[in-house]
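Just below is one structure, and these are the notes that go with it.
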Amino acid sequence: EDNGGGGAEIPLPNVKGAVLAKVIEYCTHYTNVEEMTAISTPLKCSKIEEVVQQWYADYVKVEQVMLFELVTAANFMDIKPLLDLTCFAVAVLIKGKSAEEIRKIFNISSDFTPEDEAQVREENKWCEKP
């Protein structure tokens with residue numbers, strides 16, 4: 001369908017309207033106001049506002065569902081700086097969490113019985129912090 005703009009229609013079946021609006025907000029700020037400071041790895045800090053400008057730190061202060069949808073949209077649309085920012089926000093979200101807490105955040109059920117989990121913990125005690 002021609003919308004009169006002469007541009008080709010770009011289907012984005014994996015991106016909801018509200019998420020697309022947030023992506024456009026990011027891209028507009030990035031292009032018209034200031035580019036985001038590049039996020040280098042390994043991460044030296046877990047405070048987003050110490051790594052990127054305040055606007056970008058505030059941008060990812062959204063509900064968890066929206067954050068995950070932004071990760072997916074940035075990946076699908078190949079917007080690397082947005083993908084870096086949203087993945088950084090997810091990393092901050094799960095930092096210091098237990099396996100159970102992380103499973104809950106990502107809605108993952110455990111394949112292990114409590115006995116299996118205890119055995120794996122015992123076998124891998126050497127890699128935990130003292």
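Start at 1 with the first residue, then count along the sequence. None of these values were measured; they are calculated from a predicted model.
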**Report entry** Partners passing side-chain hydrogen bond (donor to acceptor under 3.5 Å, both in side chains) against Thr28 (at least two apart in sequence or in another chain)
**Finding:** none
Query raised in the report: Tell me, do Lys22 and Tyr59 make a side-chain contact under 4.5 Å, heavy atoms counted?
Result: yes
Report summary line: So salt bridge (charged side-chain N to carboxylate O under 4.0 Å, His left out) across residues 64-80, not counting sequence neighbours, yields Lys16-Glu69, Lys80-Asp84
Query raised in the report: Does CD belonging to Glu63 count more than 12 external heavy atoms closer than 6.0 Å?
Result: no
Report task. State plainly whether the residues Glu101 and Lys104 are in salt-bridge range, i.e. N to O under 4.0 Å. Result -> no
Requested in this report: Might you confirm whether atom CG of Asn32 has over 12 heavy atoms from other residues, nucleotides or ligands at distances under 6.0 Å?
Outcome: yes
Query - Euclidean distance, Asp116 CG relative to Gln119 CD, rounded to 0.5 Å - result: 6.5 Å
Query raised in the report: Can you check whether Ile94 reaches Phe106 side chain to side chain, under 4.5 Å on heavy atoms?
Result: yes
Query raised in the report: In terms of heavy-atom contacts, does NZ of Lys47 have more than 12 from other residues, nucleotides or ligands at under 6.0 Å?
Result: no
Query raised in the report: Do Gln53 side-chain atoms and Glu35 backbone N/O form a donor-acceptor pair below 3.5 Å?
Result: yes
Requested in this report: Report yes if the side chains of Met77 and Leu20 come closer than 4.5 Å at any heavy-atom pair, otherwise no.
Outcome: yes
Requested in this report: Report yes if the side chains of Thr37 and Tyr56 come closer than 4.5 Å at any heavy-atom pair, otherwise no.
Outcome: no
